[in-house]
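Notes for the one structure printed next.
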Amino acid sequence: MEYTVAAVHEALSVLMHVAHAPGLGVTEIARRSGNTKARAFRLLSTLEQAGFVQRGGSETDYVLGPMALVLGLAAQEQVSLARLGRRHLEELGRRFDENVQIRVRDGLASVTIAKWDSSQGVRVHSDVGARRALYAGASGKLLLAFAPAALQAQVLGGELERYTAATPTQRARLERELERVRSQGHAVSRGEVLGGVVAAAVPVLDAHAQVVAALGMSMPESRAPQDLSGIIAALTDSAQRLSRELGWPG
């Protein structure tokens with residue numbers, strides 16, 4: 001089954017040509033990208049409206065726009081997080097032999113950018129790039145708890161899909177849970193996304209003391225201790241060390 005969208009490929013190709021050779025005009029961009037001039041102009045106009053390209057020194061050439069910078073900075077931050085986080089993921093993974101991951105907020109979802117997999121036969125499966133709703137699961141709730149108020153209101157005011165019987169789909173309950181996360185400085189979930197899975201997550205901070213990621217551990221309920229304080233303490237220690245590497249003053 002084909003899931004790709006040809007127009008998106010064409011637009012991204014045009015965008016990359018602008019990125020690699022700023023100042024090109026429509027005719028040259030069309031030639032290099034294999035589009036007609038009319039098609040290239042429509043693609044550029046769409047990218048321009050979205051803020052990814054803009055006119056350069058004249059009305060006929062193109063350079064990257066402000067949204068490309070936003071995207072680049074976000075990518076740079078995530079790459080740094082993933083690169084610096086690998087050592088901490090491995091340390092935690094080898095110590096507990098459970099799945100450990102770093103997740104970041106992407107719109108109304110959280111996404112895994114780095115992970116360490118347990119060697120045990122029964123384990124929680126997670127892929128880099130996997131997306132999940134913000135309101136369910138330890139990492140998602142933590143990222144939502146420290147998200148801007150407007151985004152929290154958007155999630156709380158929207159539809160909260162139920163994944164399991166434990167998913168917090170009632171607004172009042174979720175609001176209380178987010179307040180608890182902010183107060184405690186960590187999040188815990190028991191079967192909120194997948195039945196039989198227990199998870200804990202703590203915040204990773206940047207140089208401005210803003211929460212930029214969640215460092216979390218997940219495990220089958222059959223191996224999870226009733227008291228997660230030891231796991232939370234280890235996650236917190238690793239997250240603080242990672243945060244300092246990202247510039248957090250501590």
Side-chain angles (χ1 to χ4, degrees), residues 74 77-78 81 85 98-115 124-206 208-236 238-240 242-243:
E77 184 176 77
Q78 291 190 18
L81 264 172
E98 300 292 357
N99 279 24
V100 194
Q101 57 277 325
I102 296 173
R103 299 182 72 89
V104 300
R105 181 169 54 81
D106 182 20
L108 301 181
S110 70
V111 60
T112 302
I113 62 168
K115 65 167 186 166
V124 182
H125 182 71
S126 177
D127 292 323
V128 171
R131 297 172 63 83
R132 181 182 297 164
L134 279 177
Y135 59 87
S139 294
K141 290 189 300 185
L142 186 133
L143 292 169
L144 179 58
F146 293 100
L151 188 141
Q152 290 186 33
Q154 186 176 357
V155 172
L156 288 164
E159 181 181 356
L160 302 176
E161 180 182 352
R162 183 181 297 277
Y163 299 108
T164 72
T167 305
T169 56
Q170 295 180 338
R171 176 170 178 162
R173 175 192 166 189
L174 182 55
E175 287 178 328
R176 290 194 299 270
E177 181 67 15
L178 296 180
E179 181 57 40
R180 185 181 301 113
V181 171
R182 286 188 290 269
S183 174
Q184 296 177 343
H186 65 262
V188 172
S189 69
R190 296 182 181 275
E192 293 182 1
V193 179
L194 293 172
V197 174
V198 174
V202 300
V204 177
L205 310 178
D206 65 8
H208 305 289
Q210 299 296 309
V211 175
V212 293
L215 175 62
M217 183 181 298
S218 55
M219 66 210 77
E221 188 175 23
S222 59
R223 287 201 303 268
Q226 188 61 36
D227 182 2
L228 295 174
S229 58
I231 289 173
I232 292 169
L235 286 170
T236 300
S238 294
Q240 289 181 349
L242 175 56
S243 297

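Atoms OG1 and CZ, on T112 and R132 in that order, are 6.5 Å from each other to the nearest 0.5 Å. Note that CD of E177 and CG of L142 are 10.5 Å apart. Values are rounded to the nearest 0.5 Å. Interatomic distance, R131 CZ to L108 CG, rounded to the nearest 0.5 Å: 9.0 Å. Summarising the geometry, atom CG belonging to L151 is positioned 9.5 Å from atom CG belonging to L156; distances are rounded to the nearest 0.5 Å. To the nearest 0.5 angstrom, I232 atom CD1 is 8.0 Å from D227 atom CG.
Counting only distance, with no hydrogens or angles, the side chain of R103 and the backbone of S110 share a donor-acceptor pair below 3.5 Å. Although no hydrogens or angles enter the test, the distance criterion places no donor-acceptor pair under 3.5 Å between the side chain of Y135 and the main chain of R171. Between the T167 side chain and the T164 main chain, a donor and an acceptor come within less than 3.5 Å of each other.
Put simply, the residue from V212, V111, L134 that forms a side-chain contact (heavy atoms from CB on, under 4.5 Å) with R105 is L134.
Between L81 and A213, the closest heavy-atom pair is CD1-CB, 3.8 Å. The nearest pair of heavy atoms linking A145 to V181 is CB-CG1, 3.7 Å. When all heavy atoms of A187 and A138 are compared, the closest pair comes out as CB-O, 3.3 Å. The minimum heavy-atom distance between P168 and R173, with the atom names listed, is CA-NH1, 3.5 Å. Contact between A166 and G191 at its shortest, heavy atoms only, is CB-O, 3.5 Å.
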side-chain contact (heavy atoms from CB on, under 4.5 Å) between V204 and V211, worked out
CA-CA 6 Å; V204 177; V211 175; over 6 Å; no

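A side chain to side chain donor-acceptor pair (under 3.5 Å) check over residues 184-193, counting only residues at least two apart or in different chains, returns the pairs K141-E192, Q184-H186.
Within 6.0 Å of CD in E221 there are 12 or fewer heavy atoms belonging to other residues, nucleotides or ligands.
Ionic pairing of E179 and R176 is not present here: no N-O contact between side-chain nitrogen and carboxylate oxygen is shorter than 4.0 angstrom.
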